There are 2 protein chains.
Amino acid sequence: MSVEFDQIQLVPGYRKVAAAIAERILSRELPEGERLPPETELARQFGVNRSTVREALRELESGGLLERRPGSKLMTVSRPRHRAIAKDVSRALALHDVTFFEVWEALTQFEPPFAEIAARNRTAADLESLAAACERFAQENADTEKAVHHAAEFFRCVGRATHNQVLALAQEPLLDLLEPSLRVMIDKVPQARSRIMAAQRRILEAMTRRDAEAARGWMARHIRDFRKGYELADIALDCRIA
Amino acid sequence: MSVEFDQIQLVPGYRKVAAAIAERILSRELPEGERLPPETELARQFGVNRSTVREALRELESGGLLERRPGSKLMTVSRPRHRAIAKDVSRALALHDVTFFEVWEALTQFEPPFAEIAARNRTAADLESLAAACERFAQENADTEKAVHHAAEFFRCVGRATHNQVLALAQEPLLDLLEPSLRVMIDKVPQARSRIMAAQRRILEAMTRRDAEAARGWMARHIRDFRKGYELADIALDCRIA
DNA sequence: GTAGCCTGATTGTCGGACAATCATACGATC
DNA sequence: GATCGTATGATTGTCCGACAATCAGGCTAC
């Protein structure tokens with residue numbers, strides 16, 4: 001018979017401190033906006049050195065649970081910003097050698113339903129920001145950098161218009177990856193800009209009429225266009241992004 | 001005329017050091033598995049104190065870019081693990097007061113297409129792990145905790161079977177939120193367990209036959225069942241999860 | 001070949017230190 | 001009265017030096 005022991009794991013102090021503070025935040029004992037005590041005070045309470053507290057704070061800070069309000073010294077509890085979280089996700093995907101195809105396939109699956117839901121749930125304000133994004137792409141698309149950014153921004157507006165945080169957040173990393181994907185393609189396909197513009201207008205129009213079916217359909221074509229773009233630009237879909 | 005100045009921002013040293021190391025990793029100059037120099041050496045190279053380096057390392061560590069191989073002191077470059085990233089995302093969503101409805105709606109949009117793609121791309125190995133997950137749920141569903149975990153695990157297998165990292169990673173945070181959602185419902189609905197079991201079997205069977213259409217359809221019913229569960233358990237869909 | 005021991009390297013933690021910045025209150029000036 | 005300048009204390013960012021615990025590798029004895 002074999003005697004087995006569980007692996008004993010020594011958790012360093014800075015991690016325990018971070019976990020203790022994180023738990024208080026997650027349980028909402030420390031509400032958003034609450035100011036954290038100064039480092040010396042935290043060190044006293046936890047019975048550790050200030051250096052240890054500081055290492056813990058860096059961990060929480062990079063996780064978005066703490067932030068420093070501009071022009072303030074004390075840390076305040078914060079809800080992780082969607083953009084910051086999305087950056088981590090897209091960074092992780094990039095390091096995992098995600099391919100053009102994977103991103104395109106995900107867009108194919110996500111965006112048409114998003115457009116459908118957005119068409120149903122959009123408010124007047126959403127419509128305005130969509131129209132504004134559409135307009136910006138039409139105006140400033142000469143510069144490659146601005147063009148890809150505005151193209152992604154249009155999707156972001158659609159995501160917000162779904163009024164579903166889960167959907168909006170799930171979309172963000174995709175858009176982070178869409179930008180570099182589009183960057184290498186858009187200038188090689190002369191008609192790309194006008195196709196994007198046309199698609200945005202159609203989608204916007206469908207949203208205005210709250211025509212969910214049409215919004216979905218035009219979005220599906222919009223995404224299919226991207227794939228055609230890669231083929232025209234002669235970019236292999238199975239090579240990794242950036 | 002108004003003279004305007006750009007906001008001048010003082011970036012603390014630990015953040016600069018973290019950014020410098022992160023850039024090297026992102027550019028793949030430091031490949032995965034590469035061992036980072038010891039802290040004293042890094043301090044010497046950057047011309048800062050070891051404490052400053054340590055704060056930077058904590059930041060990178062919590063972002064998943066660095067990790068310590070078990071039983072080793074030196075940090076090694078690592079690709080952020082999907083699970084770790086997903087934890088951050090679901091934590092963020094929880095803090096943003098995400099509701100049952102939002103999670104359910106996202107599942108409704110994501111899972112049926114995932115099942116369809118998985119049915120097409122699944123390998124024999126995927127099929128095995130799906131069958132195993134199915135079996136585990138059937139065997140160990142008396143304990144609430146195990147039941148919800150195994151239910152989520154089945155979805156995870158479907159996600160992996162798509163062979164698309166973007167889809168698999170996008171699904172993870174959803175499953176983190178599915179668990180607490182299911183936890184409060186499953187014991188209030190007597191038929192929940194048998195319904196889940198039946199759905200899993202149908203989906204598994206469709207995958208075995210590579211019948212994408214059927215896989216999608218059964219998955220759609222599976223998700224619809226969840227909603228019915230909430231209604232039967234008398235849980236308001238617009239209240240936030242845990 | 002394995003177990004034990006030694007040595008150097010490295011991390012985790014500590015204590016103390018100081019300049020720069022922020023918050024606040026108090027006067028001085030217009 | 002409003003604005004400015006200054007003084008004061010609190011807080012962070014950074015540094016230095018220190019030490020125990022742990023890890024890696026080599027050496028020895030059996």
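Remember, it's a predicted structure, so these values are computed and weren't measured experimentally. Within every chain, numbering begins at 1; the chains are lettered A, B, ... in the order of the sequence lines, protein sequences first and strands thereafter.
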I'd like to know if Asp97(B) and Arg28(A) make a salt bridge, using a cut-off of under 4.0 Å between side-chain N and carboxylate O.
yes
What nucleotide, of dG15(C), dT11(D), dT11(C), holds the atom closest to the side chain of Pro38(A)?
dT11(D)
Looking at Tyr14(B), does any N or O in its side chain come under 4.0 Å of the phosphate oxygens OP1/OP2 on dT14(D)?
no
Taking N and O atoms by type only, does the side chain of Arg35(A) place a donor or acceptor under 3.5 Å from a partner on the base of dT11(D)?
no
Can you find a pair of side-chain heavy atoms, one from His82(B) and one from Gln165(B), that are under 4.5 Å apart?
yes
Measure from CG on Leu36(A) to P on dT12(D) and round the result to the nearest Å.
9 Å
From CD of Glu55(B) over to C1' of dG12(C), roughly how many Å is that when rounded to an integer?
14 Å
Taking CE from Met75(A) and C1' from dT12(D), how many angstroms apart are they, rounded to a whole number?
10 Å
Test: Arg58(B) and Glu55(B) ion pair at under 4.0 Å:
no
Do any side-chain nitrogens or oxygens of Asn49(B) fall under 4.0 Å of OP1 or OP2 in dT14(D)?
no
Roughly how many Å is it from CD in Glu61(B) to C1' in dT11(C), rounded to a whole number?
12 Å
Given dG12(C), is OP1 or OP2 found less than 4.0 Å from the side-chain N or O atoms of Arg54(B)?
yes
Check this for me: does any side-chain nitrogen of one of Arg81(B) and Glu67(B) sit under 4.0 Å from a carboxylate oxygen of the other?
yes
Would you indicate, yes or no, if dC15(D) has its OP1 or OP2 atom less than 4.0 angstrom from a side-chain nitrogen or oxygen of Thr52(B)?
yes
Touch class at under 4.0 angstrom, heavy-atom based, for Arg68(A) against every strand present:
sugar-phosphate
Using heavy-atom distances to pick each residue's nearest nucleotide on DNA chain D, tell me which of Gly47(B) and Leu74(A) is more 5'.
Leu74(A)
dC16(D) P sits how many Å from Arg44(B) CZ, rounded?
14 Å
If you find the nucleotide of DNA chain D closest to Leu57(A) and the one closest to Ser51(A), which residue's nucleotide is nearer the 5' end?
Leu57(A)
Taking atom types as they are modelled, is there a donor-acceptor pair under 3.5 Å from the base of dG13(D) to the side chain of Arg50(A)?
yes
Separation of Glu39(A) atom CD from dT21(C) atom P, in whole Å?
17 Å
Test: Arg156(B) and Asp176(B) ion pair at under 4.0 Å:
yes
